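Below: one structure, written as structure tokens.
Since the structure is predicted, the reported quantities are computational estimates derived from the model, not experimental observations. Throughout, a chain's letter reflects where its sequence line sits, starting with A, and its residues are numbered from 1.
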Amino acid sequence: MDETSDLGQSRGLETHLHRHGVRSALTADFLHLPAEQPLSEASRRMAAHRQTAAVVAFAEGDPGIVTERDVLRVLAEQVEDPPLADVAARPMATVAADTSLLAARERMRAQGIRHLGVTDGEGGLMGLLEFSDLLAASEAGLVQQLEADRTEAGEQEQRANALYEEMFHRNTAPKLLIEPESGYIADANPAALAFYGYSQAEIRQLRIQDINQLSAADTQAERDKACREDRRYFEFRHQLADGDIRDVKVYSGPVAVEGGTYLHSIIHDVTEAKHYLAYLERYKTIFDTLPVGVYRNSPGTSGAFEEANPAMANIFGAESVAEFLRYPTAALYRSPAERSQFSEELLARGEVHRREVALQTIDGRPLWGAITARVRYDADGAPYFDGVVEDVTERHRAERERDHLIEIMEATPDYIGMADPAGHILYENPALRRMRSTSGQTAEGEHFLGGHPRWAAQRLNEEALPAATEAGTWQGETALYDSAGHTLPVSQTLVAHRDEEGAIQRYSTIMRDISASREAETFRRQLLDSLAEGVFGIDTAGNFTFLNPAACRLLGFASENEALGHNAHALTHHTRADGQPYPPGDCPISRVQASGQAREAWEDWFWRRDGTGFPAEVFAAPLADAEGYPEGVVVSFQDITRRKAAEAARDRVLAILDATPDFVSMSRADGNITYINRGGLRMLGEDPDRTGLEEPLPDWLATEQAGELAHPQWARRVLAEEAMPIASRDGIWQGETSMVDTDGREIPTSQVVLAHHDERGQVVYYSTILRDISAQRALEAELRRETTFSQAIVRNLPGIFYLIDADGRFQRWNRRLEEVTGYEGKDALTSIHPSALYPQGEQELINEGIAQVFREGSATVEAHLCHREGHLTPYYLTGYRVELEGEPYLLGVGLDISDRKDAESELERSNAELEAFAYAVSHDLQEPLRIINSYLGLLQHRYSASLDERAARYIQTTTEAGDRMRRMINDLLEYSRVKRMGEAFQRVDLNRVAAEAHSNLESAVTDSGAEIHVANLPEVVGDRGQLVRLFQNLLSNAIKYGRPEEGTRITVSSRAIGGQYEVAVADNGIGIDPAHTDRIFQVFQRLHTRDEHAGTGAGLALAQRIVERHGGTIWVESGGDGMGSTFRFTLKGAADTCGRQP
Amino acid sequence: MKPVNILLADDSQADADLIHEALLENRFFANFYHVADGEQAMAFLRRESPYTDAVTPDILLLDLNMPRKSGHEVLAEIKTDPDLCWLPVVILTTSTANSDLIDTYTHHANAFLTKPMDFNEFMGLIRSLGDFWLAAVKLPPHD
């Protein structure tokens, strides 16, 4: 509205006032405050009356004036609460009522005041003028204004009637005249008719109740309310003719018109006003309830708030708007400089839009405000600010944060992008841009799938987008193309952003280059996979979280999945190795879990899936998350079965080392000894129980050089010059040395020195073994002696010597055998069977002899060894079975019996000759003897009658002699026949032999009365006939030389001695002088005359010859004359056959 | 009844006489002839000189040990001569050798007798001989 044009017009005040709708403080409603009233109270009163100025009445003198701004300013600046007297402007600026508005306004502007007192001609205060009112007031003049106002009420009645017609009918306001009792409408002016839509006639038919939509009760209530509220209008609802119901303010009062009293009602359709009021109310509500501060303030350093809504008080921490308004604007700025800067800018630009300014509450708490403000100018052209303040502290912070996020987004090496719902790229962060294109060119607008390899794009399209669309986010592994076209593996998160209606607004994605972590992951995987150690992780509940392949294999799981999620202790660690239960609390792994401390490696026992178990070396370390909270435990373990076996083996070796009597020691390369076994300590004279591998060595030992360890000089030299160098070079040296024991004796030793090298080939330490070989040496010497001895024996044996194994192969023989057989050389005899050395006819004998040796232990054989070239040599062979090293062998010795054989055959021959001779002689002798005997007999026979006694006796003597000769020749013949004409040996029962001999001597036994007792005799081998002869001779002898007068008793007995039987024929006869016991066996020897005992004397010789032929011996024992005799002879038993032909 | 002709071949005259004596003693009806060796024996049997007039003996008593031709040879000759093999030959010898025994029987001797040492035994033997060979036994005819 153009103020100047407004002021130029001198319209009617009423019209002017009506047009502006302002009832200013020009009424007498302005406040009068006493001068002594405190400022704060004054301020309160002013606020209550909604007065921006008040008149301060002094007891004396002119009144003063105080404006609300003044009050606030002072209150803000001063701590005390001064009285108004101190504050009020005195004298009050006044202006006469007839002053023009312009002049009055000019005055106010010049003085910088906003309130003027208006005095009438007499100096009385009519009212207060506000600056703002002046802008609206017309030039018409103050007086009219005042006059019209002041007199309106007083003159109202006077002019009522007069003006009735004028006022009533011409008035543009709808008016009704109503009969009070009935309510009928008496009269309605055209405005009313137009308003209600009735004609005059129609409306006079109506009652006001018909129009007033309020019920009678409500109407009355309204009336009462108006009375209470001291207002002169009623708020009703009137229905128009067209049915429309309007809110009306009805100014109603009684009037006396033409003698009657009517209700005069002016109807103000306040529907719009009500709406507008309601509208204003709403706006006021909005104004009051807006969380945004709305204000009006004056600019400048002393600017103050003129208007403010509750939000302003709220934002700035005031308890009420009133309290807030006391504060100058400067108080709310953190920095005065900023305030003035803001102010200047606003003035310069006319408006600012959401300028964020650093503000503070009245308590000084900082906040950020976004100010939108505009400059307005008042009637004087003074500027003031209307503005809106939004507390954007939070938003500021959020925006700051958002900026941070954007900074992060811009700075992160991760790739961040955004796309519209169709997939076109809206944003790429620098990292993504750089990766995609070395030139930094952006891909905005292109479809985001184009930056991915086909498989990744497919995945995004088919899986990620739908998932994100449905669930909001998706995460997975994909890949990107980089600027060079290489595929980069990424971990991608896709987010779908929806707007308030739920439609997809945009997609955003974050991709992280996982090639490194992939590599790390791959590396980690490969590392874990390649480890020979088993590694597994468990969570805080003890369940498996991962196992590497080695762990799966060692624990017997087919795959990691078999174990994941199961309790590790229950599955693999439930029992100890010895079968004792293993509570989880005892397990070191759970202790690691509880304590958070890693545990040094320990030995434990794990169970496999299949129920078998194995020893393990275990190490456990806790896992914690970034804040140090325990997350679980990682366990690594090794199957130490082999190591245990190696340890056991090592312990066994150590036990062996300590058990052996040999000296075993180890020393470092410099010669200092690190270990000696018990045997070694013993050899050195130390207590063997003192040390083992872990215990310290005796002091002197620890300092001794290995080489000086009680070795004599020569041994030390061997060690130093030979053993150590060779061992260092070749790894081992063996040889003979010696030690000196504590008594100073030198002990010969067999020594081995080993040198142990490291990877570079340097000797790290030596070890040595010494064996006391003194006993061995002695044995060796003895063995040598024995060997030499036996070899000498064997070599010099007169006969042959050989050793045959159980298979009949020659193992050993002497030179003699080679010579005799002609098989000379080392191997000549090994390939032939012993029997091949003998003539065909004797081979069976030899084989049987060999068999007998192995069977019965020994055998003796006479056979002829064949020389290769054919000649034979008779040998006497004896074989003995010997056990050598558990195997049986035949040890054979043989004696060349050619000489003996020659002698034997010579003897044989001579014997045979002799026998033949004896035979011939005796046979030839027999012939003439026979003739002699025969003719003697004939003589006797023929001429016995002619012979006298003497002649008869001569013939008798001759005959007897002839008989004797015959018997002698017979015996001789028999004697000679023993060997020559003997039968082959057979088994002979001596009992029957004795019986036959007995029966042959029947007559002699009977004649002598001798008793012959024969004990149980054995079976022997011999010539039956000769044995009978033998017994016969002995028995006959015993009878002959017996003692018939006492009774000759003869006993025959036998006993076994050695391998033979000894038969005894004992008599109680005359006995034999021991001096003659040898002679009696000679042929024809007689111990007695012919007269004493008959006998040729050849009987015993014959007996001897028979016994000799049987390989035995015969002798006689006698106590002497009269003591009886016992003839004993030996015979071989039946078991003693060797197939020997005598 | 004709008398039996006994031929004795024995180199011992004494033994011949003894045997003759024994035969006479026992009154055997026999003629006794004696030759001293094997050649004479064969000549006698073959009626060769000087025994061209010899009778054919009915039985021959043959000693073994004879000079010039032993009893073995005589036996062999007789027993292989078809004209003489019928002749009963009784060996009468001092030999006790087994070989003589076997040999003579093998060469078809009819009997083997050993001359006993004892005179009485000797006499008894001749008697037995006569009893058997001269009385009991049927001798083969001859011309």
Carboxylate-amine/guanidinium proximity below 4.0 Å for D10(B) and K115(B) = yes

| Going by the angle between their ring planes, with limits at 30° and 60°, are F32(B) and H20(B) parallel, tilted or perpendicular? | parallel

**Asked** Is it true that R942(A) and E21(B) have a side-chain N and a carboxylate O under 4.0 angstrom from each other?
**Response** yes

Checklist entry - Are the charged groups of D963(A) and R966(A) less than 4.0 angstrom apart, N to O? => result yes

Regarding E1019(A) and R987(A), does a basic nitrogen lie under 4.0 Å from an acidic carboxylate oxygen? yes

Under 3.5 Å, is there a donor-acceptor pair linking the side chains of R1109(A) and Q1026(A)? yes

Whatever's closer than 4.5 Å to a heavy atom in chain A on N120(B) counts as neither

- Just by distance, with hydrogens left out, do H72(B) and D100(B) show a side-chain donor and acceptor under 3.5 Å apart? yes

Q. Between the main-chain N or O of N1000(A) and the side-chain N or O of Q1032(A), is there a donor-acceptor pair closer than 3.5 Å?
A. no

Within residues 77-86 of chain B, the residues sitting under 4.5 Å from chain A by heavy atom, in sequence order, are none

The reported gap from CG in L125(B) to CG in L129(B) (rounded to nearest 0.5 angstrom) is 6.5 Å

If one checks every heavy atom of T96(B) against chain A at 4.5 Å, the contacting part turns out to be both

Check your understanding: Checking Q40(B) side chain against A36(B) main chain: does a donor-acceptor pair fall under 3.5 Å?
Key -> yes

Contact list (residues 927-941 of chain A to chain B, heavy-atom gap under 4.5 Å, by number) returns E927(A), L929(A), R930(A), I931(A), N933(A), S934(A), Y935(A), G937(A), L938(A), H941(A)

